[in-house]
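Notes to accompany the following structure.
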Amino acid sequence: MMSRKILITYATKAGSTKKVAARMAELASQHGFSADLLPVSAVKSIDSYDTVVLGSAVRMGRVLPEAQSFVEKNQAGLKQKEFDTFALCMTLSTVNEENLKKSNAFLDPIKMVVEPAHAAVFPGEINLKSLGWLDRKIIGMVKSQVGDFQDWIAMETWMESVLQSDSPSVRA
């Protein structure tokens, strides 16, 4: 039996979303999927994939523009496949009901274009060493939390649920 093809694509500003997407691709391979890991800017076509997982960093309360553009450009194709999406944000560096509600809304613009089978927002990471001067200045001005708040167990558990989904398009 041919293995299912999964595309894990991402939009990142400082590299943490790429690291998470790479771990998700690793998990997909361990589950027998043929997994490709690509930044959204390098995706030429989604036609050959059974499943597409999109990850994006959140900046200033929005997924990155290239992630939103990817969904808009590939809307018709994504509606024909298993489509899942996740975002990493610093709002969840402090987890409470208000921040959970605010964070879940970050994916609303994507959901308005294509409703994903699975969607999640996870705490992110800000490593000042990986950012340019302007980004560091903005972070200081908006008093954003700095550090690594990523919850690898939650992200891996979410990806496991994507891979074990009842949707026929992701059965390995």
Check for a donor-acceptor pair, side chain of Asn74 on one end and backbone N or O of Gly77 on the other, with a separation under 3.5 Å. no

Atom CG in Asp151, atom CH2 in Trp158: separation rounded to 0.5 Å? 14.0 Å

Whether the side chain of Gln75 engages the backbone of Val113 through a donor-acceptor N/O pair (distance < 3.5 Å, no angle test) should be reported. yes

Checking side-chain contact (heavy atoms from CB on, under 4.5 Å) for the pair Leu88/Met155: CA distance, chi angles, key distance, verdict? CA-CA 10 Å; Leu88 301 180; Met155 292 183 284; 3.7 Å; yes

Side chain to side chain contact (heavy atoms under 4.5 Å, CB included), paired with Leu7, selected from Leu54, Asp50, Val43: Val43

Which atom names give the shortest non-hydrogen contact between Leu107 and Ala120, and what distance separates them? CD1-O, 3.6 Å

Is Leu64 linked to Val20 within one hydrophobic cluster, defined over Ile, Leu, Val, Met, Phe, Trp and Tyr using a side-chain heavy-atom separation of less than 4.5 Å? no

Neighbour count >12 (heavy atoms, 6.0 Å) for atom CZ, Arg62: no

Qualifying residue, where the test is side chain to side chain contact (heavy atoms under 4.5 Å, CB included) with Val53 and the options are Met159, His118, Glu82: Met159

Is the shortest heavy-atom distance from the side chain of Val52 to the side chain of Phe70 under 4.5 Å? yes

Side-chain donor or acceptor of Asn104 paired with backbone N/O of Leu100 under 3.5 Å: yes

Going by ring pair (Phe, Tyr, Trp, His ring centres under 6.0 Å), name the residues that satisfy it together with Tyr49, two or more places apart in sequence or in a different chain. none

Glu156 and Leu27: side-chain contact (heavy atoms from CB on, under 4.5 Å), yes or no, with the steps? CA-CA 8 Å; Glu156 289 174 358; Leu27 285 170; 3.8 Å; yes

Verdict with reasoning, Lys13 to Arg59, per side-chain contact (heavy atoms from CB on, under 4.5 Å): CA-CA 9 Å; Lys13 200 74 170 159; Arg59 283 293 172 100; 3.3 Å; yes

Please find the pair of heavy atoms, one from Ala21 and one from Tyr10, that lie closest to each other, and give the distance. CB-CD2, 3.8 Å

Closest approach of Ser103 to Leu92 (non-hydrogen atoms, all atoms of both residues): OG-CG, 3.3 Å

Between NE2 on residue His31 and CD on residue Glu160, distance to nearest 0.5 Å: 4.0 Å

Rounded to the nearest 0.5 Å, what separation is found between the CG atom of Leu78 and the NZ atom of Lys73? 10.5 Å

Take Ile110 and Gln68 through the test side-chain contact (heavy atoms from CB on, under 4.5 Å) and record every step on the way to the result. CA-CA 6 Å; Ile110 287 175; Gln68 186 69 35; 3.4 Å; yes

Note: Cys89 and Val121 closest approach over all heavy atoms is SG-CG1, 3.5 Å

Between Ile46 and Lys81, the two heavy atoms sitting closest are O-CE, 3.0 Å

Could you walk me through whether Lys101 and Glu98 pass salt bridge (charged side-chain N to carboxylate O under 4.0 Å, His left out), step by step? CA-CA 5 Å; Lys101 186 176 180 180; Glu98 180 184 338; over 6 Å; no

If every non-hydrogen atom of Gly55 is compared with every non-hydrogen atom of Thr17, which pair is closest and at what distance? C-CG2, 3.8 Å

Measure the spacing between NZ of Lys102 and CG of Asn96 and express it to the nearest 0.5 Å. 8.5 Å

Hey, is the main chain of Ala87 close enough, under 3.5 Å, to the side chain of Ser56 for a donor-acceptor pair? no

Spacing of Lys18 atom NZ and Ile8 atom CD1 [to the nearest 0.5 Å]: 14.0 Å

In Å and rounded to the nearest 0.5 Å, what is the OG1 to CG distance from Thr51 to Leu163? 8.0 Å

